[in-house]
Amino acid sequence: MHDSERTHLERLMIVSNRLPVVFQREDDRLTWRSGSGGLVTALAPVLRDRGGLWIGWSGLPSSDQDEVDDALSESSAATGYELKAVPLTEEELELYYHGFANEVLWPLFHDLQSHCNFQPEYWHSYLQVNRKFAMHIKRQLQAGDYIWVHDYHLMNVAAELRELELDTPVGFFLHIPFPPPDIFVKLPWRFHILRALLSYDLVGFQTMRDKRNFVQCLRMLMKEYPVRSTGGFHICSTEVRDVRIGVFPISIDYHDFERRARHKDVSEAAWYIHEHLQQQQIVLGIDRLDYTKGIPYRLKAFRNALRRFPELQESMTLVQVVVPSRTDIAKYNALKIEIESLVSEINGEFTRSGWVPIHYIFRHLTRTELLGYYRTAEIALITPIKDGMNLVAKEYCACNIEDNGVLILSEFAGTAAQLHKHALLVNPYDVEGVAEALRDAFSMPYDERAERMRQLRSSVRRYDIYRWVERFLEAAISRHLADYPVVAEYIPPDYGDDFGASV
Ligand code: GDG
């Protein structure tokens, strides 16, 4: 049977930069535990049921590879699917991962080209590491496998597989945004990256915005390959394949978050947090330390709200959690200093006996603490300047079991496409607008909060991570794209009628 006529999946091969396990060294022995992200939760049962394999870097230096391989065979027996590590050298990590992935693709795809460091050595290493992944895939490949590659670190994998003369179906999902043409063209390797993505059979994006940007880039830079729209997909026809391009907004394991939020430990953590902030509405911000998260603008908006709406003083507390990340990179360290100086300025200006306006936490929270904050915060302030999706927004809704929270959400987060009707949408650069949203959230009557939150929770429950996996695989295997009405692009009312005209 030809691959294009397949109607079911024999074995699923997931490929991502990191494996879904975390290694630890205990008494000179390597132990492992399962990773905790939504992707692992959603894919693990699929891999177990259908038979599967996950390929990625272990997180450890390549000198530990033999030990890693042994530990992975043990873990494969426990997880019910196989795990295979791709060893990466220190130099590859420096150039491919810290360099090309984090200093070129990450900022550029978040529209921040001024943060990019377009070093040719980074690019060469990116190609080399993607080739290495392709060779590992080839070694493991069996007839009937479907390969699903994840994220911006590995865009060139299918092109390398084609170089190795493998015509197996390969799908790709981009977790971060795809930039508009004016920004994408700055990439010195723009043609190569577009051609690389056209080596996949199916390319998935988080939102219509990202798909539109990609299709516009193809139309502008790849004129020889026509793109047409049909049955929910766009299809780009190259000499060798019809590449389907679709939208698959990622989600969370809603029921798991809700169940955990009801757990006694979380209830106690939530009670404890509020016990120490009595008569306060808690505003929660949770972000990895990253310049895409818009934390300085958010702090300025909070200050603006306290200045313009004095009734908020001593009645509202911002809990801003910043999870340490990439602190060895100078730009990230500078961001940390900027955040900490704003926090201390604002606290210096407004603190009164018994009330400190910003509680600033710079560490990774335990799961119980995190869910405690989600459950108890009256307002979530999620204002990235650009984000592929933003799972924190969905997790907050899932855990808000009392239906009394208000979600203030950036219109530039992928989540806005799905949740814009019942969240308070803001432009994160608009300090005064965000301050007004804080005031509106603070004074929103209980009935309105409850109705909005019920709608938000119902949407996240309906379109959960399991549905996301099913939908991608259905599109990949049966070539059918099931309806998914929530992905209609969010267009702010003041953009005018021409914006977002269909591509
Ligand atoms: C990419 C895209 C897209 C956060 N702080 C703590 C903690 N977290 C967990 C949250 C959530 C996850 O980290 C962050 O999810 P995001 O969606 O915000 O972003 P990333 O996973 O970094 O990145 C993004 C996503 O892929 C999925 O496609 O949404 O746009 O950039 O799950 O719960 N967990 C714990 N303590 C913390 O302090 N335990």
Side-chain angles (χ1 to χ4, degrees), residues 272-325 327 330-365 369-370 372-374 376-385 392-393 396 405-413 423-444:
Y272 187 80
I273 293 163
H274 240 131
E275 179 65 10
H276 289 79
L277 291 169
Q278 289 196 14
Q279 317 296 326
Q280 297 289 308
Q281 287 201 23
I282 298 179
V283 181
L284 180 65
I286 294 198
D287 311 86
R288 205 162 42 71
L289 177 68
D290 198 284
Y291 45 79
T292 60
K293 300 297 181 182
I295 307 171
Y297 277 111
R298 184 183 314 161
L299 294 171
K300 287 175 193 166
F302 186 68
R303 175 170 63 192
N304 187 281
L306 295 180
R307 282 185 184 158
R308 285 167 61 212
F309 312 116
E311 69 273 22
L312 302 183
Q313 293 180 24
E314 300 185 64
S315 297
M316 187 185 251
T317 298
L318 172 63
V319 176
Q320 177 61 58
V321 181
V322 178
V323 183
S325 162
T327 36
K331 278 212 167 65
Y332 284 76
N333 209 33
L335 175 64
K336 178 170 184 277
I337 292 167
E338 184 185 358
I339 292 169
E340 290 176 354
S341 122
L342 272 166
V343 168
S344 69
E345 271 175 33
I346 297 167
N347 280 343
E349 183 175 342
F350 294 101
T351 296
R352 301 282 177 274
S353 170
W355 178 64
V356 179
I358 304 179
H359 287 211
Y360 169 67
I361 303 173
F362 184 72
R363 63 179 166 84
H364 186 264
L365 300 182
E369 283 177 296
L370 176 74
Y373 278 113
Y374 282 157
T376 203
E378 281 82 2
I379 300 169
L381 185 56
I382 299 177
T383 57
I385 55 177
V392 169
Y396 173 70
V406 183
L407 175 64
I408 301 181
L409 182 61
S410 162
E411 62 189 53
F412 307 129
L424 298 185
L425 271 240
V426 291
N427 172 351
Y429 296 101
D430 178 4
V431 166
E432 293 186 331
V434 175
E436 283 151 24
L438 276 168
R439 179 210 44 202
D440 294 348
F442 177 82
S443 53
M444 189 180 284

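We number each residue from 1, following the sequence as shown. Below, each value reflects all heavy atoms present in this structure, side chains not excepted, and no hydrogens, waters or symmetry copies.
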So, do P357 and T351 sit near enough that their side-chain heavy atoms are less than 4.5 Å apart? yes
Which atoms form the tightest heavy-atom contact between A441 and I408, and what is the distance? CB-CD1, 4.0 Å
Taking the side chain as every heavy atom from C-beta outward, state whether F442 and L312 have any atom pair closer than 4.5 Å. yes
Can you confirm whether Q279 is buried at CD, in the sense that more than 12 heavy atoms of other residues, nucleotides or ligands lie under 6.0 Å from that atom? no
Would you say that D287 contacts Q320 through its side chain, given a criterion of any heavy-atom pair below 4.5 Å between the two side chains? yes
Separation between OG1 (T376) and CD (E378), nearest 0.5 Å, reads 6.0 Å
So do E349 and L306 actually touch side chain to side chain, heavy atoms under 4.5 Å? no
The test is side-chain contact (heavy atoms from CB on, under 4.5 Å); show your working for V321 and L370 and say whether it passes. CA-CA 10 Å; V321 181; L370 176 74; over 6 Å; no
Locate the shortest heavy-atom distance separating A435 from A301; write the atom from each residue and the value. CB-O, 3.5 Å
When you compare the side chains of Q313 and W355, does any donor N or O come within less than 3.5 Å of an acceptor on the partner? no
Hey, could you give me the OH/OH distance between Y373 and Y396, rounded to the nearest 0.5 Å? 14.0 Å
Residue list, ring pair (Phe, Tyr, Trp, His ring centres under 6.0 Å) with F362, at least two apart or on another chain: none
V434 and P428: which non-hydrogen atoms are nearest, and at how many Å? CG2-CA, 4.3 Å
Do you know the tightest heavy-atom contact between R298 and G285? NH1-CA, 3.8 Å
Nearest heavy-atom neighbours spanning S410 and T383: CB-CA, 3.7 Å
Does some side-chain heavy atom of F412 sit less than 4.5 Å from a side-chain heavy atom of N427? yes
The reported gap from CD in E345 to CZ in F350 (rounded to nearest 0.5 angstrom) is 11.0 Å
Find the distance between CG (L299) and CD (E338) and round it off to the nearest 0.5 Å. 9.0 Å
E436 and D430: side-chain contact (heavy atoms from CB on, under 4.5 Å), yes or no, with the steps? CA-CA 10 Å; E436 283 151 24; D430 178 4; over 6 Å; no
Can you list everything that forms a salt bridge (Lys or Arg N to Asp or Glu O under 4.0 Å) with R352? Sequence neighbours excluded, please. none
Test side-chain hydrogen bond (donor to acceptor under 3.5 Å, both in side chains) applied to S325 and H364, R288, K336, K293, the passing residue: R288
Which atom names give the shortest non-hydrogen contact between A377 and L284, and what distance separates them? CB-CB, 3.7 Å
Distance-only, no hydrogens or angles: does the N347 side chain make a donor-acceptor pair with backbone N or O of I358 under 3.5 Å? yes
Between CG of L335 and CD1 of I339, what distance do you get to the nearest 0.5 Å? 4.0 Å
From the list H276, Q280, E275, side-chain hydrogen bond (donor to acceptor under 3.5 Å, both in side chains) with Q278 holds only for E275
R439 side, atom CZ; N304 side, atom CG - distance, nearest 0.5 Å: 10.5 Å
How far apart are the C-alpha atoms of V392 and Y374, what are their side-chain angles, what is the distance that settles it, and do they pass the side-chain contact (heavy atoms from CB on, under 4.5 Å) test? CA-CA 9 Å; V392 169; Y374 282 157; 3.6 Å; yes
